[in-house]
Every structure is written in structure tokens, then in C-alpha cells.
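Reviewing the structure listed below.
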Protein chains: 2
Amino acid sequence: MSVAIENFVKAIYKNDHHETHNTKPGNIAKKLGISNAAATDMAKKLATKDLLNYEKYQALQLTEKGKKMALNVIRKHRLWEALLHKMFDMSLHEIHREAELLEHETSNFLANKISDYLGNPKFDPHGDPIPNEAGEITTIDTSIALSHSKENKNYTISRLMSDDKEFFDFCSQNGLKYGNSIFVVKQFATTKMTQLLINNKTILLNEDFTKIIYVNEF
Amino acid sequence: MSVAIENFVKAIYKNDHHETHNTKPGNIAKKLGISNAAATDMAKKLATKDLLNYEKYQALQLTEKGKKMALNVIRKHRLWEALLHKMFDMSLHEIHREAELLEHETSNFLANKISDYLGNPKFDPHGDPIPNEAGEITTIDTSIALSHSKENKNYTISRLMSDDKEFFDFCSQNGLKYGNSIFVVKQFATTKMTQLLINNKTILLNEDFTKIIYVNEF
DNA sequence: ATTATTTTTTAAGTAAGCTTAAATAATATT
DNA sequence: AATATTATTTAAGCTTACTTAAAAAATAAT
Ligand SMILES: [Mn+2]
Ligand SMILES: [Mn+2]
Ligand SMILES: [Mn+2]
Ligand SMILES: [Mn+2]
């Protein structure tokens, strides 16, 4: 399947699994940087390939086949991120940028080699789960957004859900890294800010960031 | 530039550097598995992009810009081969197959990371020279085809110039590997066969193979 | 409920990278 | 040198993945 198709099913899958379900063509179009018309066209085409169900004016729904394709691409993306991070010490932003291209030109054979080499990891350096060869995510996600964390508690950072360079740069400069532990000092009710301690340093985050930083109770 | 363009300039470059100069559209078409008409079209298009000089019925000639592009793709190809061979112990055929795709989706940034990681190697696992970042091949090739080697002499294998799975499988099964040393026992004048010793085992190769195995005097 | 706004769909068109078929030029054969 | 063969080019057409503009439907606002 083409790069365009792989990116399309991937965008639907991610939209369905993270944001508030509204997987209309225009929604996907915005994410992919294409016109609404192009997205509608593509949706119709993918329906004939049994990758999704399309009904005029309704939300797009991936078939099992479509989900499998999406998860296979996501697997490759995250395996590349893990490999590049480990081997070349590339940043969270750099690995994403490269993986975005490599994911489409990677055989299942190579993906498995990478996975084996890394010890079949279940998470990538952003904390995103890595689907297995069968396209299944076997881990259960118990993490919550930092914005919903409780005061005076210890947490472990479990996920940095973004693809924004500035966010990642900020995180790496402030020790906000997958696996690191933090202590939540205060939740500011009116400003929605969160004060936390990390490596004995106090930092204050606003909701833009605390909504995309996920944590687990320690 | 697109995958089609990168493969086109690469094919011209390789043709000019290995076979008997005859870089006509049909020649390239055959290598890329496209029609002659498509090759002519592409040649005209690349001329407008200043990647090659095109004159009706004449051989195609890469410009400096075209050569540079070809060498940049070749650099990425061979760096990937070196990396995959080292990390995952993939065969000479497997690394080529994967590199053929990855070469087009690799940033210069990543290529340099790979090169650094490997210690900036000058040769890939086939013995093919790896161009540097500036697109230069700095090594001098003193090797000769095994078909032209002398009897009763020791040689080191310096290059396996092929992309054929059967050839590579044969090589790996018989210790014919980049860097290994061999002893040429006899050149058969009439049959063009070469008898050699490798790890105390005698093997007899015909010209199909001795023309693509390159060696250096020991 | 009617009107205004937004989104989706349809229609028409474009560029890249191919194809096959026919015309033309180059090369090889006799 | 004339002819046959082969290669190259031109022409016309196809598919993919997009675009913009207009029509139609859904949604939001009054
Ligand atoms: Mn990513
Ligand atoms: Mn990730
Ligand atoms: Mn190769
Ligand atoms: Mn090689």
C-alpha cells in the first residue's frame, strides 16, 4: 500500500484512540495537510479496498483490516523511534521526524529484527505502546494526565503525547523524561497550573503541557 | 526529489562507472524495469532540472549536480547496508533489499549519525566504497577481477559486485566474504574457470562469478 | 423555525510516473 | 549500398494523489 494510504489509516486510528471521536474526512484532512475533498476521495477509495466503512456524512470507521494496517505502520514507527533513540541518542523530536518517513519503507522482516535487537520493547521513548507482530497492544494503560494528578503524591512519567519540537525540548531541558519520577506539589484550581518537583527543582506547568504528560502512581 | 528521480540518476551513475559506457535511455529502462518511453520522458524532465544533459539519440550524461545526487543516494544505501549487516547480522542480499528502500527516506542528518556510529567506514559489506558527506569517494581502487588474477598467488577479497541472492548465498556458504584471503591455484584457459583455495577447501568458479568477485594482491 | 455558518460532497482539472502503439532514427546484416 | 533489425522518440492514455470551485447537506445561531 502507498504512503498516502498508510498515513490515512494511521491518522484515523490515532484520531479514534486519542481525541473525542469525530473522525470525519475534514478532521483527517487537517491532520494530513490535505483538502477536505481529497480526504473524501481517499475515504471512498479505501472503502472499496475494505480498509474502512464509508457512509456519506458519517464518521469514518476502520475495518479490522484497516486497523491492522494502521497498527503495523505504528509498530514500525515506534520501533524506529526506539532504535534511533538508543543507538544515536537522538532527541524525542528527531526520532519522530525520521520515523515518520522510515515507517513506510520497512519490511516486516526488518521490523522484527529491530524489535528483537531491542529486546521486544513494549514502549517507545515517548511512552507510546508498541504493537506486537500480530498488531496487538498487550499492555494496559493505567496512566492519567498530569492535569488530573493529586497533590502531594509521587508519580512516574509514563508518556509524552505530542509531536511538537518545542514541547520535547522543554521536557528534555527539565528532566521530564519517560520513566523519571516526579512529585506533584500543587494543583492551581483557577489557572489550571500544576506545580511539581523534579530532581529537587520546582517547575510550574500550564494545562497545555499537563494534558499531554501522562503519569502513573508511584 | 522523488524516489523515481533518485533511482534514475543512481542507475545512470552506476552504469557509467561499471559497465561499458552506453547510457542510453533503453539501457536505464531495463535496469529500472520501466519502458523505454518512460526513460526518455524522464531523461527530458531531468535535463530541465539540470541533473543531466540530454540530446536526442545521444548517451545521457549526468551534470555535476546529478552526480552529487546519485552519490548522496549511494552513500545512504551503503551506510544502511553497513549498519544492518553489523547490527542485525543480515545477509548480503537482505541488506541490499532493505537499503534499496531506506536510501530514499533518509535525511542527511541521519546518514551522518549512522556513519559516525560505524566509525565513518570507507566500504560497505560488499566492498563497495561509501562516498563521504561531500559526495566524494576518496579511496583508490586497486582491485582486479578474480578472472584476471594470477596462478599461485594470495589475494584478499575486496568486493562482491552483484545484487543477486543466489550469488551471495553461494559466497556466504563458501567463505567468499569481503576481507577474507584466498589462494588462486589455477586459471583454466579454455573454460575460463578459476580454481582456488579458501580455508583449505578447493573450489572451482566459472567466469560468471570470477568477473564480479574483485580481489587485491596480498 | 428560520437563517447563517460550517462541513461534506461532487465536479473538473493538474502533475508525476507510468503504459502501449506508432513513427522515426540509428545500427547491423546481407 | 540497400535492407532488415533494433532502439529511440513521439503520441495518446491511464492511475494516484492531490488541487480549487461550486453544490448539497449538516450543524449552529438567532
Ligand atoms: Mn512519533
Ligand atoms: Mn512515539
Ligand atoms: Mn546494495
Ligand atoms: Mn553494497
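Below, all heavy atoms of this structure are taken into account, side chains as well, without hydrogens, waters or symmetry copies.
- Between A:Ser35 and B:Asn36, the residue whose closest nucleotide on DNA chain D is further toward the 5' end is B:Asn36.
- Within the structure, every pair that satisfies the ring pair (Phe, Tyr, Trp, His ring centres under 6.0 Å) test and touches residues 92-113 of chain A, not counting sequence neighbours, is listed here: A:His77-A:His96.
- In this structure, OH on B:Tyr155 lies 5.0 Å from OG on B:Ser149, to the nearest 0.5 angstrom.
- Among the protein residues, A:Tyr54 comes within range of the sugar-phosphate backbone only, with heavy atoms under 4.0 Å from sugar or phosphate atoms but none that close to a base.
- By the 30° and 60° cut-offs, the orientation of the rings of B:Phe88 relative to A:Tyr117 is perpendicular.
- With C:dT8, C:dA25, C:dA16 as the choices, the nucleotide that has an atom nearest any side-chain atom of B:Tyr57 turns out to be C:dA25.
- Distance CE (A:Met42) to P (C:dT10): 16 Å, rounded to an integer number of Å.
- Nucleic acid contact class of A:Ala4 (heavy atoms, under 4.0 Å, all strands): sugar-phosphate only.
- Phosphate contact (OP1/OP2 of C:dA16, side-chain N/O of B:Ser2, threshold under 4.0 Å): absent.
- Taking a heavy-atom distance under 4.0 Å as the criterion, the stretch of DNA chain D touched by chain A extends 5' to 3' from D:dT16 to D:dA26.
- A salt bridge is defined here as a Lys NZ or Arg NE, NH1 or NH2 lying under 4.0 Å from an Asp or Glu carboxylate O, and A:Asp41 with A:Lys45 fails to meet this definition.
- Nucleotide D:dT30: paired with C:dA1 (Watson-Crick or G-U wobble, both distances less than 3.5 Å).
- Rounded to a whole Å, the CD atom of A:Glu55 is 15 Å from the P atom of C:dT8.
- More than 12 heavy-atom neighbours from other residues, nucleotides or ligands sit within 6.0 angstrom of CD on B:Glu151.
- Both B:Lys30 and B:Lys56 sit near DNA chain D, but only B:Lys30 has its closest nucleotide nearer the 5' end.
- Between the NZ atom of A:Lys44 and the P atom of C:dT9 there is a distance of 8 Å, rounded to whole Å.
- Legend: residues meeting side chain to side chain contact (heavy atoms under 4.5 Å, CB included) with A:Lys86, ordered by chain and number and at least two apart, are A:Leu118.
- Within 4.0 Å (heavy atoms only), B:Ala37 reaches at least one base atom of the nucleic acid.
- Remark on DNA chain C: of its neighbouring residues B:Lys24 and B:Asp41, the 5'-side contact belongs to B:Asp41, judged by nearest-heavy-atom nucleotide.
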Can you list the steps and then say if A:Asn27 with A:Lys31 is a side-chain hydrogen bond (donor to acceptor under 3.5 Å, both in side chains)?
CA-CA 7 Å; A:Asn27 212 299; A:Lys31 305 227 167 169; 4.7 Å; no
